[in-house]
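Below, all heavy atoms of this structure are taken into account, side chains as well, without hydrogens, waters or symmetry copies. Protein chains get the first letters and strands the later ones, always in sequence-line order, with residue 1 at the start of each. If you're wondering where the values come from, they're calculated on a predicted model, not measured in any experiment.
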Amino acid sequence: MAELRYCLAWKRPDGSFQPGETFASFAEAATALSAWQPQSHSGALSTQEPCCTDQVEIWCSCQDEPATVLSRPRYSFVVYGTVAGGGGDGSEAAPWWGLQEAITGLVELERSGQLALRHGQRLRLCHREVFATSAGQKRKARAENIAKTVFMAMALMLVAPVLAILVYLLVKGWPALSLSFFLENPRERMTAGGIWAPLVGTFFLVFISLLLAAPVGILAGVYLNEYARDNWLTRIINLAVVNLAGVPSIVHALFGVGVIMFFAELRRNYGIWVPFEDRCLLAASCTLAVMTLPVIITSTREALASVPMSFREACWNMGATRWQTIRTIVLPNSISGILTGVILQVSRAAGETAPILLTGAVFSVPVPDHGWRAFVPYGLHDRCMALSMHLYTISTQVVNVPEHVEYGTAVVLIGLVLAVNSASIALRVYLRSRKKW
Amino acid sequence: MSIHTAIPAHLPARTALHERRRLTERLVGAVLFACAIVSLITTVGIILVLIVETAGFFQEVSLRDFFGDTQWTPLFAKKHFGIWALVAGTALTSAIAVFTAVPLGLLAAAYLSEFAEERVRRVLKPIMEILAGIPTVVYGYFALTFVTPLLQKVVPGLAGFNALSPGLVMGIMIFPTIASLSEDALYAVPTSLREAAYALGATRLATTFRVVIPSAFSGIVAAIILGVSRAVGETMIVTIAAGQQPRFTFDPRVPVETMTAYIVQVSLGDTPTGTLEFRTIFAVGMMLFVFTLALNMVAHRLRQHILKGSLW
């Protein structure tokens, strides 16, 4: 057997081969490879006849397009040890990230006998460009990252300013907060004392308005979602609900004022019994109820609509009537959504100022400090104080109110509202996690 | 009736139980309907109250005085009824609020809908919902006692009551609303549109701005309109921090009075009911009602389009 000789062959861009020098040892041949420039010798793999059969050929080819301006070239050399010069179905021995590394690696492999080249075999060293990020792509990615960060900052802005406001108020109002602040009535033209009277007023207002709005709202939601046919009346009711929800609260307040005036006139001219005829706790509660009603209806409808139709159908098939189905299947399964909607309205009613300001809340009402009257200071037809109104009063209408009293009132109001809101959201999360469908 | 006769004879006849159930059904249906009709009655009531009182107002004040004047002094000896003074106040504060909230809201919505992980959404959305409940009277107080003094250090000639500070705070207040509603609109854009853009080699950013936002445009417009409507109807912030001097100006540094603030001012004063001065608040309320109603209707229509998916 003749001694192995190693022949280099360059592949030209047109696909043909340019036979190179012949070397006696693999190491020499490999060293000579360093002259190879993939850009100038490239092309598709051809099935050209081998030039000599008694030689191991080392082919060099470039599989990819020449490097473009945009992409940074990267070398990956792959060795195919092909039998009988057949072409490129060899095993990928190793990729190297550079010509020199490839040469050293090849020599190393040959020396350790792993290459085991025989006569007539070809070793193809090919150059590939792998995906590399170009400058343009990098620029885009950078823009993307910057945008994402900016956007995230914006999303944080959703909560950050409000949280900052909260912290600021809390820090400022902290010195005022004590048990006596909650339990004492405002004294000395509101410059001292606590917030008991307005706190009780807010509680009364919210409680009565909810007592009125919640049943009506929930039942109306049930009607609209479960009973109503799609006719003109239903459409008008829907329209009314949407409008009512979008009307500013001050317009609700004007409605309250209008109704008070109307009732007063009825009473004066015709002697008809009316629920109220002047600004009072009941009138203010009714106004709040009107304000919260559409939202309760909407949230109830959404909660009912989320109960799968199949639940109802199954129940009807058992012979249940419509109302039985609603009572035993639909309502229990949607109670979480309904409750959430109602509770969210509690906090809204507690925080609103404009409607009660026009219909029943006043700057100041004398409230006894002791006895049972301290707990029920307002009758339905009395004017009352309220926390939100109280904050408005002491911040704009009364002079010389110590700062910590103002901030303390603001903190209590916010705390009340946020506590109710959080409770509602937490309840929803909890009940949703237990949902069976 | 024909159904009754079609029941075969071997089936049991209607029992007393059946009758009772039928009665309950009808009774319940009637009660529920009565509850549903309450909202309709209320709406009609609001419109009636406003119309009756406004009509009373316009019997004494001509439309020309109302729409053709820029001074608003119904509580003074020399009365002017130029609504534009109040409208300017409302427009100014609302514009500041909207210009603050819209860019922020849109970017936040784009982030939540297109970039954020599900986890971030799950945390941020409830927090937003909780914070949305902060009473506006607190915002107003904050604007007056913190934002205005702060701005006075930066903006020369800023009065103690001005349009800028409540406008900015109102922007913070409606920002979550705009962000949340826009996010709904962006989220409703079909994924296939995004995938098509990605397949063409568009980056996420390009997809968001060239494909998703244009597709959700009507929803975003609806969100902005609702934001405007909230700003226009907002009462306590402007009442507390913007002052009570109606003037036809677009200078954000001087005190102005909005329509809502005027209503509060009159109802806090000792103006007797039934007088012309008292009726002005209904005329102003009517303007407010018509304006917000129009905005809400447009927004509602736009949103209905999205929900029904008729745009695609």
Side-chain angles (χ1 to χ4, degrees), chain A residues 140 143-144 147-148 150-152 154-155 157-159 161-162 165 168 216 219-220 222-224 227 236-237 240-244 246-251 254-255 258-259 261 290 293-294 297 321-323 344 347-348 351 353-354 357-358 388 391-392 395-396 410 413-414 417-418 421-422 425, chain B residues 21 24-25 28-29 31-33 35-36 38-40 42-43 45-46 49-50 53 104 107-108 110-112 115-116 124 126-131 133-135 137-138 141-142 144 146 172 175-176 179 203-205 229 233 235-236 240 260 263-264 267 273 281-282 285 288-289 292-293 296 300:
Chain A
K140 278 187 185 170
E144 192 106 325
K148 191 173 174 183
V150 171
F151 285 18
M152 198 182 336
M154 290 304 131
M157 282 282 287
L158 280 173
V159 291
V162 186
I165 294 176
Y168 175 77
V216 174
L219 293 181
V222 169
Y223 175 81
L224 288 174
Y227 277 79
I236 287 184
I237 294 177
V241 171
V242 171
N243 286 337
L244 219 48
V247 164
S249 59
I250 189 89
V251 174
L254 284 179
F255 172 59
V259 170
M261 283 158 53
V290 167
L293 185 68
I297 294 179
T321 62
R322 207 169 255 276
W323 175 240
L344 277 176
S347 65
R348 186 156 161 247
T353 315
L357 182 148
L358 266 71
S388 53
L391 178 60
Y392 173 71
S395 63
T396 62
L413 181 59
I414 286 193
V417 166
L418 290 193
N421 267 2
S422 314
I425 305 281
Chain B
R21 276 183 164 191
T24 318
E25 277 295 302
V28 165
V31 169
L32 293 181
F33 178 74
C35 286
V38 167
S39 60
L40 184 59
T42 318
T43 311
I46 288 178
V49 164
L50 289 178
E53 294 292 326
L104 296 179
L107 293 183
Y111 173 73
L112 283 180
F115 289 84
L124 267 185
I127 293 183
M128 266 161 62
E129 237 173 311
I130 293 173
L131 292 181
I134 291 187
V137 63
V138 175
Y141 177 64
F142 182 75
L144 183 68
F146 182 78
I172 294 179
F175 165 39
T203 59
R204 206 172 256 269
L205 198 61
S229 157
T235 309
M236 293 323 284
I240 294 177
T260 50
I263 298 176
V264 171
S267 43
T273 55
I281 67 173
F282 288 97
L288 207 58
F289 178 73
T292 50
L293 185 74
N296 289 340
H300 182 65

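Of the listed residues (A:Ile425, A:Val251, A:Leu254), the greatest number of heavy-atom pairs within a distance under 4.5 Å of chain B belongs to A:Leu254. Chain B forms more heavy-atom pairs under 4.5 Å with one residue of A:Thr321, A:Thr396, A:Leu358, A:Ile297 than with any other, namely A:Thr321. Interface summary for chain B: among A:Val150, A:Leu391, A:Ile165, A:Val222, the most heavy-atom pairs under 4.5 angstrom belong to A:Ile165. Ranking B:Leu50, B:Leu124, B:Val137 against chain A, the residue ahead of the rest is B:Val137, based on heavy-atom pairs under 4.5 Å.
With a 4.5 angstrom heavy-atom cutoff, A:Tyr227 touches chain B only via side-chain atoms. At a 4.5 Å heavy-atom cutoff, the contact between B:Ser229 and chain A is made by side-chain atoms alone. Contacts between B:Leu293 and chain A at a heavy-atom distance below 4.5 Å involve the side chain alone, from C-beta outward. Using a 4.5 Å cut-off between heavy atoms, A:Val242 contacts chain B through its side chain alone, with no backbone atom that close. Both the backbone and the side chain of B:Thr42 come within contact range of chain A, judged by heavy atoms closer than 4.5 Å. Within the 4.5 angstrom heavy-atom criterion, only side-chain atoms of B:Tyr141, from C-beta onward, approach chain A. Both the backbone and the side chain of B:Ala110 come within less than 4.5 Å of a heavy atom of chain A.
For the atom pair A:Tyr392 OH and B:Ile240 CD1, the distance stands at 6.5 Å (nearest 0.5 Å). To the nearest 0.5 Å, atoms CG (B:Leu107) and CE (A:Met152) are separated by 13.0 Å. For the atom pair A:Phe151 CZ and B:Leu112 CG, the distance stands at 11.0 Å (nearest 0.5 Å). Distance check, rounded to the nearest 0.5 Å: NZ of A:Lys148 to CG of B:Leu205 gives 12.0 Å. Rounded to the nearest 0.5 Å, atoms CD1 (B:Ile263) and CG (A:Leu357) are 11.0 Å apart. Once rounded to the nearest 0.5 Å, the distance linking OG1 of B:Thr43 with CG of A:Leu244 reads 4.0 Å.
Residues B:Ser39 and A:Ile237 have side chains in contact (heavy-atom distance under 4.5 Å, counting atoms from C-beta outward). Contact annotation: the side chain of A:Thr353 never approaches that of B:Thr235 to less than 4.5 Å [non-hydrogen atoms, C-beta and beyond].
For B:Phe142 and A:Tyr168, the gap between ring centers is short of 6.0 Å.
For A:Arg348, the side-chain hydrogen bond (donor to acceptor under 3.5 Å, both in side chains) partners at least two apart in sequence or on another chain are A:Gln345.
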